[in-house]
Amino acid sequence: MRLARKKFPYWAVALAVVVVLVVVTVAYLGFSRIGRTTISATFSSAVGVAEGTDVRILGVTVGSVDEVIPQGDTVLVRLHVKRGVKIPADAKAVQVTPSVIPDRNIQLTPAYSGGEVMESGTHLPLERTATPVEVDRIYASVEELTEALGPDGANRHGALDRFLESSADTLGGNGAALGESLEELSQASVTLADSSQDISSTIVNLQEFVSMLAENDAQVRQFNTQMAAFNSNLASQRENLQGALHELSFALADVARLVRDNQDLIRDNADRLAGLSQITADQQDDIVEILKLAPLTLSNVINAYDPDSGSLHNRLNIREFQDPVGTLCNLMRFSRYNPGEQANMDLENLFRDDIDACLDVAPELNANLRAENPDLPLGALGAELKQGTPIPGLDAPVVGWQTPPRSERGGN
C-alpha cells in the first residue's frame, strides 16, 4: 500500500525564501557596519564629491562617502572607513583630483604609524580639511594676470618689454652662476635652520648683555670717558710713540745681530749657568743658613769693636780644632768634594755605617783627648772653656760657639 505524500503549498515556500533573504541581508548589513569608523568633515566646496565617492589612504580605498550636505558657504561630508583600518587621531581630510575630469576622492592623511586612533563620530573642522583650486578659478586668475600685464595694463608704455629685455641682457650667460647662488642660499638657509637653537641662545645672551649695560650705564659712560681720554693722550703722543717704536726696531735688530754673532758664547754661558744653578740647588740648605746667620755675624763684628782701645776683640776660632775626631770622620764624606757627582755619593753610601759610628764616638774621644792634653796648640778643644771668660772692656762675656752648618751635621 503506497503512503500518500503531503505537499506544501507554493506560497509557503516562496514566503520562506523571502524571509531567509531578508534575514541574510539584514545580518550582512549589520555585520558590515559593526566596527567601522564614521567621520564628518567640513569643506569649503565639494565639486565632484557625492554619495559613494571613494575614501582613500595612500591611494588605497578604505571607505566611501555616505552623505553630502550643503551648509551655506561650506559643505558637510559624512563618510566611513571600513572595519580594521586605523586612522591617526590628528589626521586631515583632503579632496584629490586624480585627473582633469572632476571625479574626486577624499584622502585621509597621514597614514597610521602608531599613537592614538581617531574615534568614530569625530568631526574635522574646516581647518583640518583642504580643497583643490578649481580649474575655472585658475583660468580666471591667469586671465586677470594676462590683462594686468598686457597692452592695457603694465605694458601700456612698454615697461614690461623693457624689463624683460634688461633682464635677458643681465642674466644672459649667468645661468650657472645664478643656479650656484641659489644653491648656496639654500644651504645657508638649511644651516640657519639647523642652528636656530644656537641663534636664539645668542639673541637671549645678547639681550642679557644689553640689559647689563643698561643697568650699569654710569660705569659704561665713565669707561667710555676714560677710554676717550686715553685715546686722546695716545693721539697727542703719537709722534713720540712712532719715534720710540722706530728706535726700538733698530735696537731689536742690534740685539738680534749680537745674539747671532755670539750664539756660541751665549750657549756656553747658558751651560755654565745651568751647572751653577745645579750647585746652588744642591747647597740650598747651606745658602739659606748663611742668609739667616749673616746679619748676626755682622752684628757680632760690630759689637766686637772696642772704642776705648780702638781695636777688635777677636780670636781664632776654627771649628775643626774644636772637634778633631769629627773632622777626621767627615773626611770620609766624599760627596762634599765634588757636589752632585754620583760616584762620590755612591762611595760615601758604601761607608755610611762607618761614618755614623765614628760620629757617635767622636764626643767621647774628644773629651779623652782634652783630658790627657789640656794645653793643645792653636786653642784646640779649648773653645768651650773660654766662651764664658770675660774680656776687658766688655760688659758681658762673648756669646760663643755657633751651630755648625747643616751640611756639617749628621746626615747629608
Side-chain angles (χ1 to χ4, degrees), residues 24-141 182-183 185-204:
V24 171
T25 302
V26 173
Y28 172 76
L29 293 177
F31 180 77
S32 62
R33 291 175 179 272
I34 295 175
R36 72 181 186 177
T37 304
T38 60
I39 303 171
S40 61
T42 300
F43 292 92
S44 59
S45 64
V47 178
V49 177
E51 182 180 352
T53 299
D54 291 341
V55 177
R56 301 179 181 179
I57 297 178
L58 298 178
V60 178
T61 301
V62 295
S64 62
V65 175
D66 296 329
E67 188 179 7
V68 178
I69 304 173
Q71 293 183 337
D73 295 335
T74 60
V75 179
L76 178 65
V77 177
R78 299 183 187 276
L79 53 92
H80 71 271
V81 177
K82 298 177 181 179
R83 182 180 66 250
V85 178
K86 295 182 180 181
I87 305 172
D90 58 348
K92 299 180 181 180
V94 181
Q95 295 185 26
V96 178
T97 303
S99 62
V100 178
I101 301 174
D103 182 16
R104 300 182 179 179
N105 60 72
I106 296 180
Q107 293 274 0
L108 297 178
T109 182
Y112 181 79
S113 59
E116 298 183 1
V117 179
M118 182 178 293
E119 297 180 356
S120 181
T122 302
H123 175 71
L124 303 180
L126 192 62
E127 293 77 14
R128 295 177 61 181
T129 62
T131 304
V133 179
E134 306 298 337
V135 176
D136 55 351
R137 185 178 299 178
I138 297 176
Y139 290 162
S141 299
L182 294 176
E183 183 179 358
L185 181 60
S186 65
Q187 294 177 356
S189 302
V190 172
T191 302
L192 291 176
D194 294 339
S195 304
S196 58
Q197 201 71 22
D198 297 336
I199 294 175
S200 62
S201 300
T202 302
I203 294 175
V204 171

Before you tell me yes or no, could you show the steps for I39 and L108 under side-chain contact (heavy atoms from CB on, under 4.5 Å), namely the whole-Å CA-CA distance, both residues' side-chain angles and the distance that decides it to 0.1 Å? CA-CA 11 Å; I39 303 171; L108 297 178; 4.3 Å; yes
With heavy-atom distances below 4.5 Å as the criterion, would you say the side chains of [X] and [Y] are in contact?
{"X": "V68", "Y": "V75", "answer": "yes"}
{"X": "T42", "Y": "L124", "answer": "no"}
{"X": "H80", "Y": "S64", "answer": "yes"}

For the [atom1] atom of [X] and the [atom2] atom of [Y], what is their distance to the nearest 0.5 Å?
{"X": "K86", "Y": "T37", "atom1": "NZ", "atom2": "OG1", "answer": "11.0 Å"}
{"X": "R104", "Y": "S45", "atom1": "CZ", "atom2": "OG", "answer": "6.0 Å"}
{"X": "L126", "Y": "F43", "atom1": "CG", "atom2": "CZ", "answer": "9.5 Å"}
{"X": "D54", "Y": "N105", "atom1": "CG", "atom2": "CG", "answer": "6.5 Å"}

Ignoring hydrogens, what is the shortest heavy-atom contact between [X] and [Y]? Give both atom names and the distance.
{"X": "Y112", "Y": "I87", "result": "CD1-C, 4.1 Å"}
{"X": "A111", "Y": "I57", "result": "CB-CG2, 3.9 Å"}
{"X": "L79", "Y": "D66", "result": "C-OD2, 3.7 Å"}
{"X": "A46", "Y": "Q95", "result": "CA-NE2, 3.9 Å"}
{"X": "A93", "Y": "I106", "result": "CB-CG2, 4.2 Å"}

Could you tell me whether the side chain of R128 and the main chain of A91 form a donor-acceptor pair under 3.5 Å? yes
Is the backbone of M118 close enough, under 3.5 Å, to the side chain of T122 for a donor and an acceptor to pair up by distance? no
Could you tell me whether the side chains of H123 and S40 share a donor-acceptor contact shorter than 3.5 Å? yes
Would you please say whether a donor-acceptor pair under 3.5 Å links the side chains of T38 and S120? yes
Does [atom1] in [X] sit with more than 12 non-hydrogen atoms of other residues, nucleotides or ligands closer than 6.0 Å?
{"X": "D73", "atom1": "CG", "answer": "no"}
{"X": "Q71", "atom1": "CD", "answer": "yes"}
{"X": "E67", "atom1": "CD", "answer": "yes"}

Would V49 and V65 count as a side-chain contact (heavy atoms from CB on, under 4.5 Å) if you check the C-alpha gap in whole Å, the side-chain angles of each, and the deciding distance to 0.1 Å? CA-CA 8 Å; V49 177; V65 175; 4.3 Å; yes
Residue pair L185, Q187: steps toward the side-chain contact (heavy atoms from CB on, under 4.5 Å) verdict: CA-CA 5 Å; L185 181 60; Q187 294 177 356; over 6 Å; no
Determine, stepwise, if the pair Q107 / R56 fulfils side chain to side chain donor-acceptor pair (under 3.5 Å). CA-CA 5 Å; Q107 293 274 0; R56 301 179 181 179; over 6 Å; no
